[in-house]
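Each chain gets a letter, A, B and so on, in the order the sequences are listed, and its residues count up from 1. Quick caveat: nothing in here was measured; it's all calculated off a predicted structure.
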Amino acid sequence: MNSIEVNGLTCDYGRGRGVFDLHFTVESGEVFGFLGPNASGKTTTIRHLMGFAKPTSGTCQIEGRNCFESAAVIQETLGYLPGDICLFPDMNGKAFLSFMANYRGMKTMGRTRELIDRFDLDIRQPIRRMSKGAKQKLALVCAFMHDPNILILDEPTASLDLLMQHAFIDLILEEKKKGKTILMSSHRFSEVEKTCDRIGILKNGRLQTVSSLDELRKTERRVYLVTLENEEAAHALQQEPVHIIEAQGRMLKIAVYRDLRSLLSILANYPVMTLDNVGQSLEEIFLHYYGGEDA
Amino acid sequence: MNATLFRYSFKRAFPMWFVFTALMSVYAFSVVRMYDPQAGAALTGLTEALPQTMTVLGMTDYDNTFTAFIVNYLYGMLLLALPMLFTIILSTQLMARHIARGTMSYLLASPNSRKKIAATQRNVLIFYLFLMLAICCGVTIVLCEYFYPGQLAVLHFLLLTACVFALQLAIAGMCFYFSCKCSGTGRALTMSAAFCLLFYTIRLLANLGGPLAYLQYITPYTLIDPAGILQSNLQSCLLPLILLAIAVILFALAGRTFCKRTMPF
């Protein structure tokens, strides 16, 4: 069943800003990563899902309900972490959490205490004197404390240190095991790679691709460093139908898109000394979608 | 209405409310102490000498009674202006500030509907206005009874205070509408203050009479006629109902605007 459904969502801010004709779904129990450079429309999409903004055209639905019209009902089982953390500056952490708990009509605070311990948060500090990281942790506790079924997180680890980023990833993996639906935006690939089932890549307000992590890996190109016995052989190899990225004397960098066999059959005719896998991280795939006008 | 949010907003606005109410009570005290049957005659003399000035200030001498004196000084100027200022500031704090700061995102990311949030904040505003006028009215009655027992027409005074409350509600409805509509605190404050000041100035100009008298038809202040209410004139007593209707319409419009709008965060 689809938990989150976005159909033709368009919101034009003018001068090419906004989001245009977005279509995607997030299945129940799935972790969906929303990636894109700054100002690509990630937060705009999330604002629509939260019911803060009304779409110019198209619809967004969460559990079959319209995100703008039925926001209050949807919010009962939804946890939200804003990208801009604007907490009530006149309160301290404890007062803020108990205000939010009462305001939401929560009955128990057990989960809240557990989260506070987990993120090692000092809740006695006034919010206006908190560091960026502490505010982020407080906002995270606030998003998870009512044990929601659906989580919408806008750049959840933006100001967390490495240790807390790991704590956050562990938390996401636990929630995933419990069957929670999670949509999170990020421009940090490592956390997405570790947690997400599927990824949507957004650029200039348009969805470039939605695919599973495995599929993305399949489109991954592999780069091999071939060292030949002499430069003549290297020159000769450059004439063959292979994709050379870089040539330096006896060494050639060759890119392969899934078809390793044809490269090997060509190499069999050459005096190859070493063959090393240079490899390529997922990050480079994303860069392929991010950068350049052709993408 | 959400009780938690009501308590929070109530607590935040309390210091400001306290200062305004204390100021108004002190003013009421000085007005009551100022009364002197002989001074009443002097005031009549002043009105005869400077009829225009006194009319512009809204301090017309209806008749030389104690109640008229109190009403004249109390609701002539300061007790209209101070609650107006309070309303402008508080209404902006209740909605526009949360919207501008982004703290509204936390209020919206909860099972409470926009309608409920707006209703809660509206209730804080109305409750404080009611409390403010009730306390000032109570203080005035107690002081009058203490210093000049039996001289104040209590029923008329209560009725007039109720009418002033209706007027404040209409103004509050307008300010609350701007607070729901605007995305910036400065803008909401400017719009509210500008319209309040405009109506107030129009009232002063209309009071001048002559060719500007027609201006009285575009300011809500005209719907309050203290002299008529003190004389139990039926029309004067019913006109404030229009103010109540305006208040209901404006508050409903404000709530609707807030429910339909796109948030800036």
Side-chain angles (χ1 to χ4, degrees), chain A residues 11-13 18 43-44 46-56 67-91 95-106 127-128 135 138-139 142-146 148 150-154, chain B residues 1-18 89-90 92-124 180-185 255-265:
Chain A
C11 175
D12 194 348
Y13 292 137
T43 301
T44 305
I46 288 178
R47 286 175 60 221
H48 283 89
L49 287 174
M50 288 300 293
F52 296 160
K54 216 174 184 175
T56 313
C67 287
F68 191 85
E69 314 287 338
S70 319
V73 186
I74 293 170
Q75 294 295 340
E76 271 171 38
T77 53
L78 194 140
Y80 170 57
L81 180 91
D84 260 338
I85 312 278
C86 338
L87 305 152
F88 292 67
D90 51 318
M91 293 185 186
F96 175 71
L97 288 176
S98 69
F99 168 76
M100 283 313 289
N102 289 327
Y103 179 66
R104 284 192 145 271
M106 272 167 60
I127 290 175
R128 80 171 78 81
K135 279 185 197 161
L138 188 60
C142 192
F144 283 88
M145 69 179 182
H146 51 291
I150 302 169
L151 285 145
I152 295 183
L153 313 169
D154 196 355
Chain B
M1 196 181 84
N2 182 292
T4 310
L5 180 61
F6 186 89
R7 267 203 301 279
Y8 169 75
S9 301
F10 188 84
K11 251 179 147 164
R12 265 198 74 88
F14 184 79
M16 182 175 71
W17 173 83
F18 186 79
I89 299 173
L90 182 60
T92 306
Q93 267 186 14
L94 287 173
M95 299 300 281
R97 195 163 68 159
H98 284 300
I99 297 172
R101 274 192 180 176
T103 40
M104 186 57 84
S105 65
Y106 280 96
L107 297 182
L108 289 178
S110 76
N112 299 295
S113 63
R114 290 187 181 203
K115 206 172 151 187
K116 204 169 175 181
I117 294 168
T120 305
Q121 302 294 67
R122 177 201 66 204
N123 289 351
V124 173
C180 287
K181 175 98 185 151
C182 299
S183 294
T185 322
R256 218 182 117 81
T257 306
F258 181 67
C259 287
K260 300 263 173 214
R261 69 167 290 173
T262 285
M263 297 293 159
F265 39 76

- Scored by heavy-atom pairs under 4.5 Å with chain A, the best of B:Ser105, B:Pro264, B:Cys259 is B:Ser105

- Item | Residue part contacting chain B, namely of A:Ala143, when any heavy atom lies under 4.5 Å | neither

- Task: For atom OH of A:Tyr13, decide whether the heavy atoms of other residues, nucleotides or ligands shown that lie under 6.0 angstrom number more than 12.
- Result: yes

- Item | Ring centroid separation B:Tyr106 to A:Tyr103 under 6.0 Å | no

- Message: Atom CG of residue position A:Asp84 - does it have more than 12 heavy atoms of other residues, nucleotides or ligands inside 6.0 Å?
- Response: no

- Message: Other residues, nucleotides and ligands only: do more than 12 of their heavy atoms fall within 6.0 Å of NZ on B:Lys181?
- Response: no

- With rounding to the nearest 0.5 Å, note down the distance linking NZ in B:Lys260 to CZ in A:Phe68. 7.5 Å

- Item | Which atom of A:Arg104 lies closest to which atom of B:Pro111, heavy atoms considered | NH1-CD, 3.5 Å

- Item | Region of B:Arg261 in contact with chain A, defined by heavy-atom distances below 4.5 Å | backbone

- Message: Counting heavy-atom pairs closer than 4.5 Å to chain A, which one of B:Gly102, B:Ala3, B:Ser113, B:Ser110 comes out on top?
- Response: B:Ser110

- Item | Any donor-acceptor N/O pair, A:Arg47 side chain to B:Thr262 backbone, under 3.5 Å | no

- Query: Got more than 12 heavy atoms from elsewhere within 6.0 Å of CZ, B:Arg256?
  - Reply: no

- Task: Please look at A:Leu78 and chain B and tell me whether the side chain, the backbone, both or neither of the residue comes under 4.5 angstrom of a heavy atom of that chain.
- Result: neither

- Query: If you tally heavy-atom pairs under 4.5 Å against chain A, which of B:Asn112, B:Leu5, B:Leu108 wins?
  - Reply: B:Asn112

- Task: Specify whether B:Tyr8 and A:Phe88 have parallel, tilted or perpendicular ring planes, treating 30° as the upper limit for parallel and 60° as the lower limit for perpendicular.
- Result: perpendicular

- Item | Under 4.5 Å from any heavy atom of chain A - which part of B:Lys115 | neither

- Item | Contact class of B:Ile99 relative to chain A, heavy atoms under 4.5 angstrom | neither

